[in-house]
Amino acid sequence: MPPAPPFRAPSGTHDVLPPESARWELLVSRFADLAHRAGFGLVVGPLFEDVGVFQRLGEGTDVVRKEMYVFEDRGGRPLALRPEGTASVVRAFVQHRPTTPWKVWYAAPSFRYERPQAGRYRQHHQLGVEVLGSDDPDVDVDVIALAHDLYRSLGLRQVTLALNSIGDRACRPDYVDLLGTYLHERTEQLCGEHRQRAGEQPLRVLDCKRPECRHATDAAPRMLDHLCGACAAHFERVREGLDALEIAYQLESRLVRGFDYYTRTTFEFTATALAGAQNAVGGGGRYDGLVEQLGGPPTPAIGFGIGIERVLLACDAEAVLTPPAAGVDVWVVDATGGAEARDLSWSLRRAGVAADRGFDERSMRAQMKLADRSGASLALIVGPEERARGTVSLRQLRGDGAQQVVARDDVVARVKELLA
RNA sequence: GUGGCCGUAGCUCAGCCUGGUUAGAGCGCCGCGUUGUGGUCGCGGAUGUCGGGGGUUCGAAUCCCCUCGGUCACCCCA
């Protein structure tokens, strides 16, 4: 190694560089299109918030308990880098009180102090939407369909949707009691960790992947069988909507998800093509109580987050979303010192043509190599001869290399013709 | 936070087990063949404190210890 670089990206973070970053751009713009088409507006907010904003997410969530980047600014204010997107959006809603339903989307980083591994980073990026102010089941359908259509538009085929309802404050407490009793009678069958923690978080035991818990909860009472009338009706309408839009899903009574704030509808998208352990590519749910917890009026809401890095991994696994050919259409080669390249490239750019050039007065041979490697389809060549005559040689780089001489004043128009 | 695996050129890696001449290959990069022309081909070139520190030895990329970094998995999630 050369003298080891004194600095590198912090553990769990990564640089996204060209040409790979072209896929990133494409993914975000694809999502932005879908969101706009569905009537969502962009929300951009702070990367850090008062730590209290996230603590309200619930003490039961690992993300809040042990994974937050917390710090004090110079004024001694307790802050935290945001570990997820929803809380910030809810805080903004409570602060500004926009008219409802408020439909917003975002593309933003999240920070969690975890041990990095494939598909899991300390800074990762999420695409998300939130709808605040409506408990219409069709909103649930809209939100789920948006995520579904994003995966589909990318060409992903091996993404499955798991769906559940975890009830609301009317019916969940009774169910949790019921489940707690069931688990209590079988404590000995649970895995080591849940043998101790089952009492405080009965729902989490359902989500445990260890075989012991898995087996012990196979016959456990299911939330879906104990929804109150309102929740059951809501869920039924959500299912009708998904069916009508031909969005396939599997009922997954174990799906509780990591945040305490969820109510009623919860869902998760899994990329089955991903070999690694981290194959959840998106998830979300309804959070009808969160706005109140953050000091706002009672406001039903729902949203999702989609992990950009994981979606791209899934795209790799399915060999879709191939990087668009990046680069310019025209390369300007100047063997007279560079001033011609400067002027020509800007004439083209100002006329809307993507053009680039080499620097440092390199040989024509070297410049032609750059032109070739750039992927440009045309090379504009200016040597002493062209300059003296006020012309430009225009060479096709793809195909036979046909070359023509064009008057300097006609170059931009001619280039546009050839590229059309 | 716990555990497995891996650190040799910009990248992918060989060499390590069985210590011994100036540490290699492919790709990439730069130059030349072609003082006005890329893609093919040929020739030439640059870049390594062999992750770092310590130890064993006449001698360490190679053996031992520590450390740092990466990676994968658990937990949990996007």
Side-chain angles (χ1 to χ4, degrees), chain A residues 1-5 7-14 17 60-67 82-86 107-128 147 191-194 197 201 204 207-210 213 255-259 268-271 274-284 303-314 331 333-336 358 360 362-388 393-403 405:
Chain A
M1 290 211 154
F7 301 111
R8 42 182 309 132
S11 181
T13 68
H14 59 118
L17 309 174
T61 70
D62 284 358
V63 166
V64 173
R65 237 182 32 236
K66 54 185 189 187
E67 296 175 2
R82 69 162 165 226
E84 60 102 50
T86 300
S110 292
F111 305 86
R112 296 179 195 169
Y113 191 86
E114 305 176 89
R115 193 77 173 263
Q117 69 184 74
R120 195 177 67 189
Y121 307 92
R122 288 183 175 176
Q123 177 180 342
H124 77 279
H125 300 78
Q126 289 191 20
L127 303 169
C191 74
E193 190 189 337
H194 285 122
R197 286 188 55 199
Q201 290 286 344
R204 286 295 156 71
D207 205 29
C208 182
K209 295 176 189 81
R210 295 185 214 279
C213 284
L255 181 69
V256 294
R257 305 203 29 86
F259 295 105
E268 192 165 285
F269 289 90
T270 301
L274 283 183
Q278 313 302 325
N279 61 359
V281 291
F304 68 66
I306 289 175
I308 291 180
E309 286 87 351
R310 287 192 190 170
V311 168
L312 291 178
L313 286 175
W331 193 275
V333 172
D334 178 0
T336 71
D360 301 319
R362 298 181 61 185
S363 70
M364 177 170 287
R365 172 189 171 96
Q367 290 188 58
M368 287 301 293
K369 280 192 168 197
L370 294 178
D372 185 51
R373 262 180 275 154
S374 75
S377 54
L378 290 175
L380 300 193
I381 303 169
V382 182
E385 197 172 311
E386 285 87 351
R387 186 169 61 177
S393 290
L394 199 160
R395 183 180 180 85
Q396 300 269 10
L397 292 175
R398 296 177 313 186
D400 59 0
Q403 193 164 318
V405 177

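Predicted, not measured: the structure shown is a model, and the values here were computed from it. A note on names: the letters A, B, ... follow the listed sequences, proteins ahead of strands, and every chain is numbered from 1.
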Query raised in the report: When all nucleic acid strands are considered with a 4.0 Å heavy-atom cut-off, which category describes A:Gly119: base, sugar-phosphate, or nothing?
Result: base

Query raised in the report: For the side chain of A:Gln403 and the base of B:U37, is some donor closer than 3.5 Å to an acceptor across the two?
Result: yes

Requested in this report: Name the nucleic acid region contacted by A:Ala118, choosing base, sugar-phosphate or nothing; use a 4.0 angstrom heavy-atom cut-off, strictly under.
Outcome: sugar-phosphate

Query raised in the report: Touch check for A:Glu386, heavy atoms < 4.0 angstrom, all strands: base, sugar-phosphate only, or nothing?
Result: base

Query raised in the report: Mind checking the C1' distance from B:G28 to B:C16? Whole angstroms is fine.
Result: 27 Å

Query raised in the report: Mind checking whether A:Ile308 and A:His124 have side chains closer than 4.5 Å, heavy atoms only?
Result: no

Query raised in the report: Honestly, is A:Arg82 close enough over A:Phe111, meaning NZ or CZ under 6.0 Å from the six-membered ring centre and within 45° of the axis?
Result: no

Report task. Provide the distance between the two C1' atoms, one in B:A23 and one in B:U62, to the nearest whole Å. Result -> 12 Å

Query raised in the report: Could one point to a donor on the side chain of A:Arg112 or the base of B:A78 with an acceptor on the other under 3.5 Å away?
Result: yes

Query - Centroid under 5.5 Å and tilt under 30°, A:His124 to B:A78 - result: yes

Requested in this report: Using only heavy-atom distances, determine whether the side chains of A:Gln123 and A:His14 contain a donor-acceptor pair under 3.5 Å.
Outcome: no

**Report entry** side-chain hydrogen bond (donor to acceptor under 3.5 Å, both in side chains) involving A:Ser393 - partner list, sequence neighbours excluded
**Finding:** A:Glu386

Query - Residues that A:Glu268 engages under salt bridge (Lys or Arg N to Asp or Glu O under 4.0 Å), provided they are two or more places apart - result: A:Arg257

Query - N/O (side chain, A:Arg373) to phosphate O (OP1/OP2, B:G28) under 4.0 Å - result: no

Query raised in the report: Which part of the nucleic acid does A:Leu397 contact within heavy-atom distance under 4.0 Å: base, sugar-phosphate only, or nothing?
Result: base

Requested in this report: Determine the contact category for A:Arg362: base if any of its heavy atoms lies under 4.0 Å from a base atom, sugar-phosphate if only primed atoms, P, OP1 or OP2 are that close, otherwise nothing.
Outcome: sugar-phosphate

Query raised in the report: What nucleic acid atoms does A:Glu309 come within less than 4.0 Å of, heavy atoms only: base, sugar-phosphate, or nothing?
Result: nothing

Report task. Please confirm whether any donor atom in the side chain of A:Arg120 sits under 3.5 Å from an acceptor in the base of B:C75, or the reverse. Result -> yes

Report task. Respond yes when some side-chain nitrogen or oxygen of A:Gln117 is under 4.0 Å from OP1 or OP2 of B:A73, and no when none is. Result -> yes

Query - Heavy-atom side-chain contact between A:Leu397 and A:Leu378 under 4.5 Å - result: no

Query raised in the report: Using purine N1 to pyrimidine N3 plus N6-O4 or O6-N4 for Watson-Crick, or N1-O2 and O6-N3 for G-U wobble, each under 3.5 Å, what pairs with B:C30?
Result: B:G44

Query raised in the report: Which part of the nucleic acid does A:Tyr121 contact within heavy-atom distance under 4.0 Å: base, sugar-phosphate only, or nothing?
Result: base

Report task. Under 4.0 Å between any heavy atoms, over every strand shown, what does A:Gln278 touch: base, sugar-phosphate, or nothing? Just pick one. Result -> base

Requested in this report: Report yes if some heavy atom in the side chain of A:Arg120 is under 4.5 Å from a heavy atom in the side chain of A:Arg112; otherwise report no.
Outcome: no

Query raised in the report: For A:Phe259, which contact category applies under a 4.0 Å heavy-atom criterion: base, sugar-phosphate, or nothing?
Result: sugar-phosphate

Report task. Scan residues 375-382 of chain A against RNA chain B and write down, sorted by residue number, each residue with any heavy atom closer than 4.0 Å; if none is found, say none. Result -> A:Ile381

Query raised in the report: What about A:Arg365, does its side chain sit under 3.5 Å from the base of B:G33 through a donor-acceptor pair?
Result: yes

Requested in this report: Identify, between A:Arg395 and A:Gln126, the residue whose nearest nucleotide on RNA chain B lies closer to the 5' end.
Outcome: A:Arg395

Query raised in the report: Base, sugar-phosphate alone, or nothing: which one does A:Ser110 contact when heavy atoms must sit under 4.0 Å apart?
Result: nothing

Report task. Check whether any side-chain heavy atom of A:Gln403 sits under 4.5 Å from a side-chain heavy atom of A:Gln396, and report yes or no. Result -> no

Query raised in the report: What distance, rounded to whole Å, do you find between the two P atoms, one in B:A25 and one in B:A9?
Result: 14 Å

Query raised in the report: Can you find a donor-acceptor N/O pair under 3.5 angstrom joining the side chain of A:Arg310 to the base of B:C77?
Result: yes

